[in-house]
Colleague: 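The structure's right below; bear with me while I get my questions together.
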Amino acid sequence: MSNLIKIQLPDGSIREVPAGTTPFDIANGISPRLAAAVVVARIRPLTTVAVNENEAALEQSEEAMYSGPASSAERIVGLSTPLHEDVTLELLKENDPASLRVARHSAAHIMATALLELFPETKLGHGPATDSGFFYDVYREVPFTEADLAAIEARMADVVARDEPFVQILEPRDQALADYKSDAEFMKIHFIERFTKPGDEISLYRNGNFTDFCRGPHVPSTGRVKAFKVTSIAGAYWLGDENNQQLQRIYGTAFFNAKDLDAHFKQLEEIKARDHRVLGKQLDLFSIQEVAGAGLIFWHPKGGLIRKTMEDWMRDECIRRGYQMVFTPHIMRRELWKISGHEENYAENMYPPMELDDAEYRLKPMNCPGHILIYKNSPKSYRDLPQRYAELGNVYRYERSGTMHGLLRVRGFTQDDAHIFCTPEQIESEVEACIDFAESVLKTFGFEKFLVELSTWDPKDKKFIGSADKWENAVGSLTRVLDRKNIPYKTIPGEAAFYGPKIDIKLVDVLGRLWQLSTVQFDWNLPARFDLEYIGEDGAPHQPVMVHRALFGSVERFFGVLIEHYAGAFPMWLAPVQVGLVPISEKHHDYAKSVQQRLEAAGLRVEADLSNQKMNAKIRDFGLQKVPFILILGDKEAASDSVSVRVRAKGDEGSVHLDAFLDRAKKLVANHSMEL
RNA sequence: GCUGAUGUAGCUCAGUGGUAGAGCACUCCCUUGGUAAGGGAGAGGUCAUGGGUUCAAGCCCCAUCAUCAGCUCCA
């Protein structure tokens, strides 16, 4: 005689059903149409008080794909999973994001099904859902070709058309291992051995003739995955370790309907249209020249102008906030890099030494040693501290050949770098000021959201130098600063630099993407290595503490992110050309020249199109260049000293007096306005 | 660095072994116009680089460089 369990539905009603009842049974009991529409179910044991965040996070992890579910947390189950305890039950339809994730995991199984039907020699790794689709890592001697991918996709359509139910099979571990061993499925064997214990019953899912080691859940049947595409193939290391065998990773994406799939590819096109490498060419901002080498940026006049504007702002702001601008050499003697520890710890990222006269020199990968030499050049009193040295310093780092990416990952870049030498007592206020500064940078450049991470040490990890009390003090001050400023943050133990803890600020762009740029780091290692001192109130020498901070991070990377954030449509103060002039015909050229002169005299950047093209073509050209304002100049305007204003993304606003426009334009620039 | 793909005019791309193509951009001519492409003519290429196969290579083979999608690593 089976026990009764309680099922609570979202409306609060409770049903008593026999243990072993499935979510499908419940749905079907409500209405067969509902049962047909439901994809998966979300359950939470009724006894649970609150969802544990860590357990929820674990749900997404690789570990969770195979090992048992976190017992007390809410979880997603398939419709045919028998329920054996009192739970709240939510029946999820296709519009729930959790359903889509499950469907994509099912799509990975469908792809594996198709793959093994076509290429039975293939060995399977793992095939999870991702944020935008799914992939399956597989091993096969022969690389898959584009044609193979198309064939796989076509066969997937067959698997979907067969509408094979996904069925969970619980099997003794030994038997599963024996089966996989006989098939030489070395990766599946590894996963079973890693994620299950001897004596466990392990979970497999079968659809048709295909069975996979998998915890689930899945959609009810292959027919539920209506729209999918095999998108690409790439290499991936077995277990993410580059010393291991490389596998073939086949990517795909899946949706419940063709409309969503289309929308997904449309969105990819939009992202591509924002790509800073594409816009960099279209707007003539920068280039990378093969003959000069990979990862080295050429700033063209228009990009250079934006950079100059960014840097001017940054320098002015540094000075306003009590920094002193310094400049340090690009190459320095090897000896210096030995003292700083770079020879020892950073050599693989540095360019090899070059010999000059009797000595060896190395290109700088960081600015800190240079700033330290300035500090060290004269004795310092506690009255001199803090010393804040800032530099827009060009550094060069060797990056492996496959890693470069436009402006975002390069071999030569400019850090807006500063080093603050201060007493331990000054740390908190200095860090607080750095965070204020960082916030101001993000706000000024139009980013509204950011995330903060506090990276701390792991006392068990030997790579961290310095005593426990030093670490605790430092982490304590950082924590206090963040708490006092009411900034939410995530603590990441073990992610600190080896010499001290750090605060990283990741900004969120218009598309919701995260970018790591600003960082504020602690350091008591370099002051010790260089024997830095100041004379304290007690007349005795003390060692200062150093704060490293970069706010743009790298000017190149920040610029790349800006291009994507604005989709190339820079706000007025940054736009390389702020006003485009369109004289309607040649007889308006003189008026155009006088307007240009007056706008330029007021400090605006103006370009006049005096070609013999039609007005519409001129407007189009300025429009494609994303110029904020286009002024149309014809008889009416010339007669009344006015301009007809066309605003980027808004269109024709009619004529106004030139002085009125000038006033508006100057205000937009002065206020760093994001709007026009 | 690894796996796969790609490299043809300033840009976007076509060209499967037999004398290098298109559109846009550029130059010149015509056109002088009211809010996103007026018309015509011309000029422009060591087909990434270096080897090889072939009577003949942009095309086939090898190597190198660069780019792209990932992996790994990072500001």
Side-chain angles (χ1 to χ4, degrees), chain A residues 130 135 137 139 142-146 148-149 231-251 272 275 277-278 281-282 284 287-296 346 348-349 365-366 393 395 397-417 504 506 515-519 521 548 550-558 560-561 580 582-589 611-625 630-637 644-648 650-655:
Chain A
T130 66
F135 64 78
D137 279 347
Y139 175 76
V142 187
F144 290 104
T145 63
E146 294 288 322
D148 293 338
L149 297 192
T231 50
S232 62
I233 182 151
Y237 297 107
W238 167 231
L239 300 177
D241 185 334
E242 65 178 318
N243 299 313
N244 283 347
Q245 172 89 54
Q246 196 156 30
L247 308 172
Q248 301 192 66
R249 174 170 293 180
I250 307 176
Y251 283 90
K272 204 180 163 211
D275 189 313
R277 294 165 300 183
V278 174
K281 254 183 211 163
Q282 281 170 6
D284 198 16
S287 62
I288 296 165
Q289 311 270 345
E290 186 174 342
V291 68
L296 302 169
Y346 207 71
E348 71 209 29
N349 294 301
M366 294 188 191
V395 295
R397 297 182 187 173
Y398 171 73
E399 295 285 351
R400 297 203 287 178
S401 65
T403 58
M404 264 76 74
H405 183 89
L407 293 171
L408 304 181
R409 186 80 180 270
V410 295
R411 283 179 173 162
F413 59 101
T414 309
Q415 288 183 310
D416 64 317
D417 207 0
D504 284 333
K506 301 191 175 196
W515 303 92
Q516 159 72 67
L517 294 155
S518 311
T519 179
Q521 310 188 353
H548 306 239
L551 304 179
F552 288 150
S554 128
V555 176
E556 283 75 6
R557 179 177 284 186
F558 195 82
V561 173
V582 175
I584 291 179
S585 81
E586 210 170 319
K587 59 183 187 233
H588 309 114
H589 281 192
S611 70
N612 65 351
Q613 290 182 100
K614 278 189 78 165
M615 177 187 128
N616 277 353
K618 296 181 186 180
I619 290 171
R620 179 169 189 269
D621 288 347
F622 281 129
L624 290 175
Q625 287 298 304
I630 300 171
L631 303 183
I632 317 298
L633 308 172
D635 287 336
K636 271 191 297 182
E637 288 74 22
S644 176
V645 182
R646 187 189 168 93
V647 186
R648 182 177 64 202
K650 289 183 183 163
D652 186 8
E653 288 191 355
S655 289

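Proteins get letters first, then strands, A, B, ... in listed order; numbering begins at 1 in each. Heavy-atom basis, side chains included; hydrogens, waters and symmetry copies ignored.
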Colleague: Measure from the side-chain N and O atoms of S287(A) to the backbone N and O of Q289(A), and report whether any donor-acceptor pair falls under 3.5 Å.
Modeller: no
Colleague: Is the backbone N or O of S518(A) less than 3.5 Å from a side-chain atom of Q516(A), with the two atoms forming a donor-acceptor pair by type?
Modeller: yes
Colleague: For atom C1', what is the distance between A22(B) and G45(B), given to the nearest Å?
Modeller: 14 Å
Colleague: Would you say the side chain of M366(A) lies within less than 4.5 Å of the side chain of Y346(A), judging by non-hydrogen atoms?
Modeller: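 Yes. Closest side-chain heavy atoms under 4.5 Å.
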Colleague: Could you check whether atom CD of E146(A) has more than 12 heavy atoms from other residues, nucleotides or ligands sitting under 6.0 Å from it?
Modeller: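 No, not enclosed.
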Colleague: Would you measure the distance from the P atom in A14(B) across to the matching atom in A75(B) and give it in whole Å?
Modeller: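 Taking atom P in both A14(B) and A75(B), they lie 38 Å apart.
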Colleague: Taking the same atom, P, in A56(B) and in G1(B), what whole-Å distance lies between them?
Modeller: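 That atom pair is separated by 36 Å.
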Colleague: Does A37(B) have a Watson-Crick or wobble partner in any strand here, with both distances under 3.5 angstrom, and which is it?
Modeller: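 The answer is none; no pair meets the criterion.
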Colleague: Categorize V395(A) for me: base, sugar-phosphate, or nothing, with a 4.0 angstrom heavy-atom threshold over every strand shown.
Modeller: nothing
Colleague: Under a 3.5 Å cut-off for both contacts, is G58(B) paired Watson-Crick or G-U wobble with anything, and if yes, with which nucleotide?
Modeller: none
Colleague: CG of D621(A) versus C1' of G10(B): gap in Å, rounded?
Modeller: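 In whole Å, G10(B) C1' and D621(A) CG are 15 Å from each other.
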Colleague: Output, in order, the C-alpha distance, side-chain angles, deciding distance and verdict of side-chain contact (heavy atoms from CB on, under 4.5 Å) for R620(A) and L624(A).
Modeller: CA-CA 6 Å; R620(A) 179 169 189 269; L624(A) 290 175; 3.7 Å; yes
Colleague: If I take atom NZ in residue K281(A) and atom C1' in nucleotide A66(B), what distance separates them, rounded to the nearest angstrom?
Modeller: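 Between C1' of A66(B) and NZ of K281(A): 12 Å.
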Colleague: Both distances under 3.5 Å, Watson-Crick or G-U wobble: report the partner of A9(B), or none.
Modeller: none
Colleague: Quick one: look up who C26(B) pairs with, Watson-Crick or G-U, both distances under 3.5 Å, and put none if it's unpaired.
Modeller: G42(B)
Colleague: Let's test your reading of the model: under 3.5 Å, does the base of U32(B) pair with the side chain of E586(A) as donor and acceptor?
Modeller: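 Counting by modelled atom types and ignoring angles, a donor-acceptor contact under 3.5 Å is found here.
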Colleague: Counting Watson-Crick and G-U wobble pairs only, both distances under 3.5 Å, name the nucleotide matched with U64(B), or none.
Modeller: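 Its partner is A48(B) (Watson-Crick or G-U wobble, both distances under 3.5 Å).
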Colleague: Determine yes or no for a side-chain-to-main-chain donor-acceptor pair under 3.5 angstrom, with R397(A) supplying the side chain and P365(A) the backbone.
Modeller: yes
Colleague: In whole Å, measure the gap between the C1' atoms of G44(B) and G23(B) for me.
Modeller: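 Going atom to atom, C1' in each nucleotide, I get 15 Å.
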Colleague: Need one value for L624(A): base, sugar-phosphate or nothing, where a base atom within 4.0 Å counts as base even if backbone is also close, heavy atoms only.
Modeller: base
Colleague: Rounding to an integer number of Å, can you tell me how far L551(A) CG sits from A75(B) C1'?
Modeller: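 Rounded to the whole Å, the gap is 12 Å.
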Colleague: Check whether any side-chain N or O of K587(A) sits under 3.5 Å from a backbone N or O of D635(A) as a donor-acceptor pair, and report yes or no.
Modeller: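 Such a contact is absent between K587(A) side chain and D635(A) backbone.
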Colleague: Can you tell me the base-pairing partner of G70(B)? Count Watson-Crick or G-U wobble geometry only, both distances below 3.5 Å, and say none if there is no partner.
Modeller: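 C2(B) is the nucleotide pairing with G70(B).
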Colleague: Roughly, in whole Å, what's the span from CD1 in I630(A) to C1' in G34(B)?
Modeller: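 Between C1' of G34(B) and CD1 of I630(A): 14 Å.
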Colleague: Main chain of F552(A), side chain of D416(A): is a donor-acceptor contact present, judged purely on distance under 3.5 Å?
Modeller: yes
Colleague: Do D275(A) side-chain atoms and K272(A) backbone N/O form a donor-acceptor pair below 3.5 Å?
Modeller: no
Colleague: List, with names and distances, any nitrogen or oxygen atoms from the protein found under 3.5 Å away from nitrogen or oxygen atoms belonging to nucleotides 38-40 of chain B.
Modeller:
none

Colleague: Please give the distance between the C1' atoms of A63(B) and C71(B) as a whole number of Å.
Modeller: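 25 Å, rounded to whole Å.
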Colleague: Using atom P of each nucleotide, how far apart are C68(B) and C13(B) to the nearest Å?
Modeller: 13 Å
Colleague: Base, sugar-phosphate alone, or nothing: which one does E290(A) contact when heavy atoms must sit under 4.0 Å apart?
Modeller: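 It contacts base atoms.
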Colleague: C1' atom, G40(B) versus C55(B): distance in rounded Å?
Modeller: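 Pairwise C1' distance, G40(B) against C55(B), rounds to 44 Å.
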Colleague: Need one value for K618(A): base, sugar-phosphate or nothing, where a base atom within 4.0 Å counts as base even if backbone is also close, heavy atoms only.
Modeller: nothing
Colleague: Donor-acceptor pair, S232(A) side chain versus Y251(A) backbone, under 3.5 Å?
Modeller: no
Colleague: Could you tell me whether E637(A) contacts a base, only the sugar-phosphate backbone, or nothing, with contacts defined as non-hydrogen atoms closer than 4.0 Å?
Modeller: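 Base: the residue E637(A), judged by heavy atoms under 4.0 Å, touches a nucleobase.
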Colleague: Take atom P in G10(B) and the same atom in C47(B), then report the distance between them in whole Å.
Modeller: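 One P to the other, the span is 13 Å.
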Colleague: Pick the nucleotide of RNA chain B nearest each of E556(A) and L633(A); which residue has the one closer to the 5' end?
Modeller: L633(A)
Colleague: Whole Å only: how far is the CD1 atom of I584(A) from the C1' atom of U31(B)?
Modeller: 16 Å
Colleague: Would you say the side-chain atoms of Q248(A) pair up with the backbone N or O of A236(A), donor to acceptor, closer than 3.5 Å?
Modeller: no
Colleague: In terms of the nearest nucleotide of RNA chain B, which residue is placed more toward the 5' end: E146(A) or Q415(A)?
Modeller: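 So the residue in question is E146(A).
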Colleague: Please state how far atom CZ in R620(A) lies from atom C1' in A37(B), giving the value in whole angstrom units.
Modeller: 5 Å
Colleague: Once you apply the 3.5 Å cut-off to both distances, tell me the Watson-Crick or G-U wobble partner of U32(B), or none.
Modeller: none
Colleague: Is there a Watson-Crick or G-U wobble partner for U16(B) with both distances under 3.5 Å, and if so, which one is it?
Modeller: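 Answer to the pairing question: none, since U16(B) forms no Watson-Crick or G-U pair.
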Colleague: Any sub-3.5 Å donor-acceptor pair from R249(A)'s side-chain atoms to A234(A)'s backbone N or O?
Modeller: no
Colleague: Rounding to an integer number of Å, can you tell me how far I619(A) CD1 sits from G34(B) P?
Modeller: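 My rounded result for the distance is 11 Å.
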Colleague: Output one line per pair: protein atom, nucleotide atom from nucleotides 67-74 of chain B, and distance, for all N/O pairs under 3.5 Å.
Modeller:
from   : atom 1 : to      : atom 2 : distance (Å)
C68(B) : OP1    : R277(A) : NH1    : 2.8
A69(B) : OP1    : R277(A) : NH2    : 3.0
A69(B) : OP2    : R277(A) : NH1    : 3.4
G70(B) : O3'    : Y251(A) : OH     : 3.4
G70(B) : O2'    : Y251(A) : OH     : 3.1
G70(B) : N2     : Q246(A) : NE2    : 3.3
C71(B) : O4'    : G235(A) : O      : 3.1
C71(B) : O2'    : Y237(A) : N      : 3.0
U72(B) : O2'    : E242(A) : OE2    : 3.0
U72(B) : O2     : R400(A) : NH2    : 3.0
C73(B) : O2     : R409(A) : NH1    : 3.0
C73(B) : O2     : R409(A) : NH2    : 2.2
C73(B) : N3     : R409(A) : NH1    : 2.9
C74(B) : O2     : R409(A) : NE     : 3.4
C74(B) : O2     : R557(A) : NH2    : 3.3

Colleague: What is the separation between atom OH on Y139(A) and atom P on U3(B), rounded to the nearest whole Å?
Modeller: 13 Å
